[in-house]
Amino acid sequence: MPVPERVDFIPGALQPRHCVCHTASMFSEAVLDHFRNPRNPGELPDATATVEVHNPVCGDILKLAARIVGGRIEEIRFLCRCCTTSIACASLLTEQLRDRALPEARNITAESLSEVLGGLPPATFHGAQLATDALTALLQRLTAADR
């Protein structure tokens, strides 16, 4: 029997109706909030530094861009092709980095992101690690630019 055509059907992709059902039982409300309403998504055309990191195991890709003024992160944005948890962690990371001095940014860890999001289970902790990998790369790029 042929599958009826639907406008919202994408072959080979998880379908929105199924994702919401599964994510509601798998993730904390904090993770779902950041996933459904990501903070600071998008490009940052006048960025001081931009980095892109990826997780070769799951294929997640995260791009982080920041504008630095007076040693502080004035603006920060992210783009990603990621799972639910990686999107949530990137969103939370940008919230925590905005208006923060660069030395303070080094205090953000994968564990601290996980804790704020309600404690990520081991199967999804890679999202927090990807976010902090992007932060580390960003701070390294900014340090190299200062030399």
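Because only heavy atoms are used, hydrogens play no part in the values below, and waters and symmetry mates are left out as well, while side chains stay in. Numbers for residues simply follow the sequence, beginning at 1. Just so we're clear, the structure is a prediction, and the values are computed from it rather than from any experiment.
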Review point. Could you give the distance from OG (S86) to CG (L120), rounded to the nearest 0.5 Å?
Key: 9.5 Å

Point to revise | Point-to-point distance, once rounded to the nearest 0.5 Å, from NE2 of H34 to CZ of F27 | key: 14.5 Å

Check your understanding: How many angstroms lie between atom CG of L44 and atom CG of L64, to the nearest 0.5 angstrom?
Key -> 9.5 Å

Point to revise | Pairs involving residues 84-93, ordered by first then second residue, that meet salt bridge (charged side-chain N to carboxylate O under 4.0 Å, His left out) (sequence neighbours left out) | key: none

Review point. Hey, does T124 have a side-chain heavy atom less than 4.5 Å from the side chain of V31?
Key: no

Throw together a table of side-chain donor-acceptor distances under 3.5 angstrom for residues 125-133, partners on residues two or more places apart or in other chains.
from : atom 1 : to   : atom 2 : distance (Å)
H126 : ND1    : A123 : O      : 3.4
Q129 : NE2    : D133 : OD1    : 3.0
T132 : OG1    : A128 : O      : 3.2
T132 : OG1    : Q129 : O      : 3.1

**Study point:** Side chain S28, main chain L117, donor-acceptor under 3.5 Å
**Key:** yes

Exercise for review: May I have all residue pairs that pass salt bridge (charged side-chain N to carboxylate O under 4.0 Å, His left out) and include part of residues 98-116, sequence neighbours excluded?
Suggested key: E75-R98

**Study point:** Side chains of D60 and C83 in contact at under 4.5 Å (non-hydrogen atoms)
**Key:** yes

Point to revise | Any pair counted as salt bridge (charged side-chain N to carboxylate O under 4.0 Å, His left out), so long as it reaches residues 78-96, sequence neighbours left out | key: R39-E95

Review point. Taking C-beta and beyond as the side chain, do E43 and K63 meet within less than 4.5 Å on heavy atoms?
Key: yes

Point to revise | Atom pair OG (S112) and CG (L92), whose distance is rounded to the nearest 0.5 Å | key: 8.0 Å

Study note, to complete from the structure: Hits for side-chain hydrogen bond (donor to acceptor under 3.5 Å, both in side chains) against T136, two or more places apart or cross-chain, chain-then-number order -> none

Under 3.5 Å, side-chain donor or acceptor atoms of residues 48-55 against the rest of the protein: list the pairs with distances, not counting sequence neighbours.
from : atom 1 : to  : atom 2 : distance (Å)
T48  : OG1    : I68 : N      : 2.9
N55  : OD1    : V57 : N      : 2.8
N55  : OD1    : C58 : N      : 3.4

Exercise for review: Working to the nearest 0.5 Å, report the span between CG of L135 and CG of L113.
Suggested key: 8.5 Å

Check your understanding: If you look at every heavy atom in N40 and I76, which pair is closest and at what distance?
Key -> CB-O, 3.3 Å

**Study point:** Path from L79 to L138 over hydrophobic side-chain contacts below 4.5 Å
**Key:** no

**Study point:** Main-chain N/O of L139 paired to T143 side chain as donor or acceptor, under 3.5 Å
**Key:** yes

Check your understanding: About how many Å separate SG of C82 and CD1 of I61, when rounded to the nearest 0.5 Å?
Key -> 8.0 Å

